Amino acid sequence: MLKDRITGAEALMRALMAEGVETIFGYPGGAIMPVYDALYQHTRPDNAKLHHVLVRHEQAAVHAAEGYARVSGKVGVSLVTSGPGATNTLTGVADAMMDSTPLVVIAGQVSISQLGTDAFQEVDLVGVAQPISKWSYQIRSAKDVAWAVSRAFFIARTGRPGPVVLDFPSNVQKELCEWNPVTIDEVPGYTPYPEINRDALKAAADLINQAKRPLALVGQGVELGHAQDELLAFLEKADIPAGRTMLGLSALPSDHRLNVGMLGMHGSYAVNLKTQECDVLIAIGMRFSTRVTGPVETYARKAKIIHLDIDFAEIDKNVKTDVAVVADCKASLPALTALIDKTEHREWIDSFEPLNQIELKRVIEPAIHPKGGQLLMGEVVNAVAEATQGDAVLVTDVGQNQLFTCRYFRFPKRRSIVTSGGLGTMGFAIPAGMGAVFAAPERKVMAFMGDGGFQMNIQELGTIMEQQLPLKMILLNNNYLGNVRQWQDMFWEGRRSFTRMMNPNYEDICRAYGINYGLVVNREELQERVNEMLNATGPYLLECAVHEEDNVLPMTSPGCDVHEMKLSI
């Protein structure tokens, strides 16, 4: 019996639905038009199997898919056209690669017969995307669509997650084929979940059992591996204090007694100083970024270092380890917990408190409860955090807004932070916030941004308007590229070279897009405006006119050891 023959474009729709895809972020164009025609049949009100979100720029399509993936734990999907449509996605692809975010980006391409002719809107997407993706592939036959899509999703979501790019020539989209579903559950040469080395596991357990001053460093790998419960069991059995990377902030509840703060250049004073005193350092699902370590030659020199990670490439890449357990932390953490002794490290944990008090008095209290002067970023973040009572998803842009929010927001719930960590992409917050809303419509999504990052993808207010997304946007407006200005003041003798910004009237912009708007200038009205934002139906932009010279502290200057943190400037 002959099967019905369908187009490659329709095969793509069926393959996406077979992977459980419900939401696609995209922007149409000539070379992807057959796919959009097929998509039309699956998004009609009488046959709505898929929901397509029309963004206003292709970069935003990928950032939105990132926000969706990070909050939902699923694979985000973007759909764009060829040429500039495809190249506009590359910043998002690189961002997802750096932060291990599972994505499938599907781009149109000119017909196979036109490849290499410099045809209109032709670009070698496979070649361009290969260095910044887990897999980049051109589908050259309609019969291969099901295989390519299944393989793409398998690679994107397994092992250390990441982005996959599929290049889809327009003639292949129109080519006819029989529909034969394919399920890929292995790829030759690709081992997403390495087998645990039992000798390494025992060596790690021996070091932990002998430790007097152990310290755990918790990264996003714990959330990517869905190992939050396993992490808690491990930490609580051995009574190990834990610091968190920026991307790992919600992997361990903020109010847990073993949580000792955020790591890194603008992290918590105590955990950075104690890193240099610990005798065993256990890194879990993190990559030892230089923003965490400072100079690696002097980092944690008193400690034996244990590294738990799913990716062989991360072992000894930046910091030399004494024991490496290469496996999925969902498996390695309980296996390690079974081998460690139940113990207490009360004296060691108590030694963090004096340093916490120093930071509280000299940095935190002045930042969130100032005695006077202009509105500060820290107090805005604190007001929103208190008002949302830990239920919200935090989305940030990049810069001072990111650093203040990561320091002062609360994360009692899992998968509650979406930020651009490795690449540091300005313009990330608005589209990533849109994706987060689609991923968790039952939760409040709070997107913090500065005036610089906000304007980089400001066109996405059109998407928010069209979709009527209840995204709450908090604009910390200091009329500067604040983080660059801070560095210019600290390290470039105050030469503020092109960091001051002339900004538009944001109220007028919100009125044009039909988005609710509020302005805070004085702290006396801050709480009222925050409550107004939270109680408003639909999207809302709260502009906060903050002190132009507000600085993020503490800070470890570039090139300095992690314990050499500045508490003032």
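Here the structure is a predicted model, which is why all the values come from computation and not from measurement.
- For the salt bridge (Lys or Arg N to Asp or Glu O under 4.0 Å) test, no residue two or more places apart in sequence or in another chain qualifies with R362.
- Atom CZ of F154 is surrounded by more than 12 heavy atoms from other residues, nucleotides or ligands within 6.0 Å.
- None of R415, R414, R410, E223 except one satisfies the side chain to side chain donor-acceptor pair (under 3.5 Å) rule with S250; the exception is E223.
- Atom CZ in R14 sits 8.0 Å away from atom NZ in K49 (nearest 0.5 Å).
- Rounding to the nearest 0.5 angstrom, the gap separating the CD atom in Q220 from the CZ atom in R287 is 10.0 Å.
- Here the straight-line distance linking atom SG of C406 with atom CZ of F411 works out to 5.5 Å at 0.5 Å rounding.
- With rounding to the nearest 0.5 Å, the separation of CG in L541 from OH in Y506 is 9.0 Å.
- With 3.5 Å as the limit, one finds a donor-acceptor pair spanning the side chains of N477 and N503.
- No side-chain donor from either of N516 and E532 sits under 3.5 Å from a side-chain acceptor of the other.
- Atom CG in N551 sits 9.5 Å away from atom CG in N483 (nearest 0.5 Å).
- Screening residues 445-471 for salt bridge (Lys or Arg N to Asp or Glu O under 4.0 Å), with sequence neighbours left out, gives R56-E466.
- Nearest heavy atom pair, residue P412 against residue G390, reads CG-O, 3.2 Å.
- Other residues, nucleotides and ligands contribute more than 12 heavy atoms inside 6.0 Å of the CZ atom of F491.
- Remark: F25 engages F438 in a ring pair (Phe, Tyr, Trp, His ring centres under 6.0 Å) (not counting sequence neighbours).
- For Q467, the CD atom sits in a packed shell: over 12 heavy atoms of surrounding residues, nucleotides or ligands are nearer than 6.0 Å.
- E525 contributes a side-chain N or O that, together with a main-chain N or O of N522, makes up a donor-acceptor pair within less than 3.5 Å.
- Between the side chains of T499 and Q488, a donor-acceptor pair is found at a separation under 3.5 Å.
- When the shell of 6.0 Å around CZ of R523 is examined, it contains more than 12 heavy atoms from other residues, nucleotides or ligands.
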